[in-house]
*Asks:* 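Could you have a look at this structure, given as structure tokens, before my questions?
Residue numbers start at 1 and run along the sequence shown. Please read these numbers as outputs of a predicted model, since none were measured by experiment.
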Amino acid sequence: MYTKSETEKDYPLNVLKCYLSQMQPGATGLSAVFGVISCLAGVCAGYVPDNCLDCICRVLSPGCRMPSPPCELSGFLVCGPYKLSRSYWLDARKEGGELMNDWQSCAVSWTCSRQAVDAYMRRYAPGLGRDPTCEDFSRIHLGGPNGYLSDTTLQFWEMVDRCLQGDPQFLQVDDMSGEERNPQWEL
């Protein structure tokens with residue numbers, strides 16, 4: 001039986017918080033309705049564009065699937081479709097709040113792992129001194145706060161870019177993993 005995570009249970013409250021954070025003083029009628037609609041549509045969902053997050057996921061976890069097993073040791077322990085480490089999650093919490101209070105639980109939650117990536121980017125991408133691009137987000141995700149400067153993150157960015165351009169390699173379902181999952185469907 002599926003049990004909603006705390007984040008998912010709080011979805012109506014999060015939409016309300018989003019709306020209140022976007023509401024202009026004196027907003028009434030149509031402007032208030034558009035504020036709620038934009039929050040429901042995900043405009044308040046995050047700092048990193050959904051297509052960028054989706055392609056980062058598709059490059060790290062073919063078909064953007066939850067890995068099985070969900071955690072792997074690759075120099076250090078990483079978990080979930082975004083391959084989050086404990087130190088990444090701790091940094092993300094400095095900008096994103098509690099994030100389920102447990103890094104492994106967050107990393108294997110579709111909602112929380114996306115929130116963690118978004119929070120990490122809100123923490124480090126402003127240091128660029130310009131509006132960050134998906135290339136910046138991708139390279140920071142893989143290489144840490146200064147990953148956008150490292151040559152070691154270029155190949156990862158090139159794969160994310162190919163996904164953004166519609167390369168079928170990243171859009172096809174991995175036959176070994178079952179059904180495709182679109183992370184944008186999740187509330």
*Asks:* Taking atom CG of L84 and atom CG of D91, what is their separation to the nearest 0.5 Å?
*Replies:*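 Rounded to the nearest 0.5 Å, the CG-CG separation comes to 11.5 Å.
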*Asks:* Does CZ belonging to R86 count more than 12 external heavy atoms closer than 6.0 Å?
*Replies:*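 No, because the 6.0 Å sphere around CZ of R86 holds 12 heavy atoms or fewer from other groups.
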*Asks:* Partners of E72 by salt bridge (Lys or Arg N to Asp or Glu O under 4.0 Å), sequence neighbours excluded?
*Replies:*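 E72 satisfies salt bridge (Lys or Arg N to Asp or Glu O under 4.0 Å) with K83 only.
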*Asks:* Check the pair E95, Y124 against side-chain contact (heavy atoms from CB on, under 4.5 Å), reporting the backbone distance first and the verdict last.
*Replies:* CA-CA 10 Å; E95 191 70 35; Y124 291 113; over 6 Å; no
*Asks:* Considering non-hydrogen atoms only, spot the tightest contact between C55 and L164 and give its length.
*Replies:*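 Taking every non-hydrogen atom into account, SG-N, 3.4 Å.
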*Asks:* Please give me the minimum heavy-atom distance between A92 and A119, naming the atom from each residue.
*Replies:*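 Looking at all heavy atoms of both residues, the closest pair is O-CB, 3.3 Å.
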*Asks:* Considering only residues two or more places apart or on different chains, which pairs with a residue in residues 127-152 satisfy ring-ring contact (aromatic ring centres under 6.0 Å, His included)?
*Replies:*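 Pairs touching residues 127-152 that pass the test: Y47-F137, Y88-H141.
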*Asks:* Let me see the working for F156 and V59 under side-chain contact (heavy atoms from CB on, under 4.5 Å), right down to the final yes or no.
*Replies:* CA-CA 8 Å; F156 178 70; V59 169; 3.5 Å; yes
*Asks:* Partners of R122 by side-chain hydrogen bond (donor to acceptor under 3.5 Å, both in side chains), sequence neighbours excluded?
*Replies:*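 In terms of side-chain hydrogen bond (donor to acceptor under 3.5 Å, both in side chains), with neighbours along the sequence ignored, R122 is linked to D118.
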*Asks:* Indicate the atoms forming the closest heavy-atom contact of S138 with C52, along with that distance.
*Replies:*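 Closest pair (atom of S138, atom of C52, distance): OG-SG, 4.3 Å.
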*Asks:* Using every non-hydrogen atom in the two residues, find where P126 and M121 come nearest and quote the distance to one decimal.
*Replies:*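 Closest heavy-atom pair between P126 and M121: CD-O, 3.4 Å.
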*Asks:* Can R139 and E135 be counted as an ion pair, charged N to O under 4.0 angstrom?
*Replies:*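 Looking at R139 and E135, the cut-off is met.
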*Asks:* With side-chain hydrogen bond (donor to acceptor under 3.5 Å, both in side chains) as the test, would you mind laying out the steps for S109 and T111 before giving the verdict?
*Replies:* CA-CA 5 Å; S109 159; T111 301; 4.8 Å; no
*Asks:* For atom CG of D151, is the number of surrounding heavy atoms from other residues, nucleotides or ligands below 6.0 Å larger than 12?
*Replies:*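 No, because the 6.0 Å sphere around CG of D151 holds 12 heavy atoms or fewer from other groups.
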